[in-house]
Student: 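Got a structure for you, written out below as structure tokens; questions coming shortly.
What you see is a predicted model, and the numbers here were worked out from it, not measured in a lab. Numbers here are sequence positions counted from 1.
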Amino acid sequence: AYRREGDALFCRLPSCRLLTYHRPRLLPSDRGGWAISYEGWNTNPKNGPKGWHRMPTWGGRLVENINQATCSEILRAACLVLEPAGYPVVLHVYDEIVAEIAEGVGSIEEFERLVTEGIRPLIQWAHDWPIRAPGGYRAKRYRKG
């Protein structure tokens, strides 16, 4: 759900957390009609200099923001469950969590169970979502995927 309050546009995520779009505007689109833009902090040199800039957006990007923010909340919940269970998280990369444990401690099966079932109390808003964490592996060094 979206709502505008003052000079901000808010998007309420399934968790009830809010995404904020600063100083939203409807401006004429180069494709005809109107387009949404907002002021955001640019960190990508491909999109111009760093700093606050007016940025165009569209439906697909708004959905991407919702998806990435929601997945991030699920990943953070998994990190919070893994730590006290003896899997100290040393990094996470997109959709992967890396824990550093001693040889002979823990198991991939327990790790995957904690990530899929152990997070349920922390993300009750997604209680019936089919969250899975297959494909875990154990190694002496990290490798992407």
Student: In the single-linkage hydrophobic clustering (I, L, V, M, F, W, Y; side-chain heavy atoms under 4.5 Å), do Val93 and Leu82 co-cluster?
Tutor: no
Student: How many angstroms lie between atom CG of Leu18 and atom CZ of Arg12, to the nearest 0.5 angstrom?
Tutor: 5.0 Å
Student: Would you give the length of the straight line joining atom CZ of Phe10 to atom OG1 of Thr20, rounded to the nearest 0.5 angstrom?
Tutor: 4.5 Å
Student: For a quick check under 3.5 Å, do Arg132 and Thr116 share a side-chain donor-acceptor pair by atom type?
Tutor: no
Student: Return yes if some donor-acceptor pair links the side-chain N/O of Glu83 with the main-chain N/O of Val89 below 3.5 Å, else return no.
Tutor: yes
Student: Check for me, please, whether Val90 and Ile101 land in the same ILVMFWY cluster - side-chain distances under 4.5 Å, paths through other members count.
Tutor: no
Student: Please check if the side chain of Arg23 supplies one atom and the backbone of Leu9 the other of a donor-acceptor pair under 3.5 Å.
Tutor: no
Student: Check Leu27 against Ser37 and note the closest heavy-atom contact, atom names and distance.
Tutor: CD1-OG, 3.4 Å
Student: In Å, rounded to the nearest 0.5 Å, how long is the span from SG of Cys79 to CG of Leu114?
Tutor: 12.0 Å
Student: Closer than 3.5 angstrom, by distance alone: can the side chain of Asn65 be matched with the main-chain N or O of Leu19 as a donor-acceptor pair?
Tutor: no
Student: Quick check: closest heavy atoms across Pro14 and Thr70, and the distance to 0.1 Å?
Tutor: CD-OG1, 3.7 Å
Student: Without swapping roles, check the side chain of Glu112 against the backbone of Gly136 for a donor-acceptor pair under 3.5 Å.
Tutor: yes
Student: Same cluster or not: Phe111 versus Ile123, using hydrophobic residues (I, L, V, M, F, W, Y) connected whenever any side-chain heavy atoms lie under 4.5 Å apart?
Tutor: yes
Student: With heavy-atom distances below 4.5 Å as the criterion, would you say the side chains of Pro45 and Lys50 are in contact?
Tutor: no
Student: Taking the side chain as everything from C-beta on, heavy atoms only, tell me whether Ile74 gets closer than 4.5 Å to Trp129.
Tutor: yes
Student: Considering non-hydrogen atoms only, spot the tightest contact between Leu13 and Glu73 and give its length.
Tutor: CD1-OE2, 3.9 Å
Student: Could you check whether Tyr87 and Glu110, counting side-chain N and O atoms only, form a donor-acceptor pair closer than 3.5 Å?
Tutor: yes
Student: Quick check, are the ring centers of His53 and Trp41 under 6.0 angstrom apart?
Tutor: no
Student: Quick one: do Leu122 and Trp125 end up in the same hydrophobic cluster if we chain Ile, Leu, Val, Met, Phe, Trp and Tyr together by side-chain heavy atoms under 4.5 Å apart?
Tutor: yes
Student: Nearest 0.5 angstrom please: Leu80 CG to Arg76 CZ, how far?
Tutor: 8.5 Å
Student: Are Val98 and Val115 in one and the same hydrophobic cluster, where Ile, Leu, Val, Met, Phe, Trp and Tyr link if side-chain heavy atoms are under 4.5 Å apart?
Tutor: no
Student: What is the distance from atom CZ of Arg54 to atom CD of Glu39, rounded to the nearest 0.5 Å?
Tutor: 4.5 Å
Student: Which heavy atom of Ala69 sits nearest to which heavy atom of Arg17, and what is that distance?
Tutor: CB-NH2, 3.4 Å
Student: Looking at Val81 and Gly118, what are the two nearest heavy atoms and their distance?
Tutor: CG2-O, 3.4 Å
Student: Rounded to the nearest 0.5 Å, how far apart are CE of Met55 and CG of Asn44?
Tutor: 9.0 Å
Student: With a 4.0 Å cut-off, would you call Arg25 and Asp7 a salt bridge?
Tutor: yes
Student: Whether Arg143 engages the ring of Tyr137 as a cation-pi pair (distance to the six-membered ring centre under 6.0 angstrom, angle to the ring normal within 45°) should be assessed.
Tutor: yes
Student: Please check: side-chain N/O of Ser72 versus main-chain N/O of Gln68, any donor-acceptor pairing under 3.5 Å?
Tutor: no
Student: Could you tell me whether Glu103 and Arg138 have a side-chain N and a carboxylate O separated by less than 4.0 Å?
Tutor: no
Student: So, Tyr142 versus Glu96: side-chain donor-acceptor pair below 3.5 Å or not?
Tutor: yes
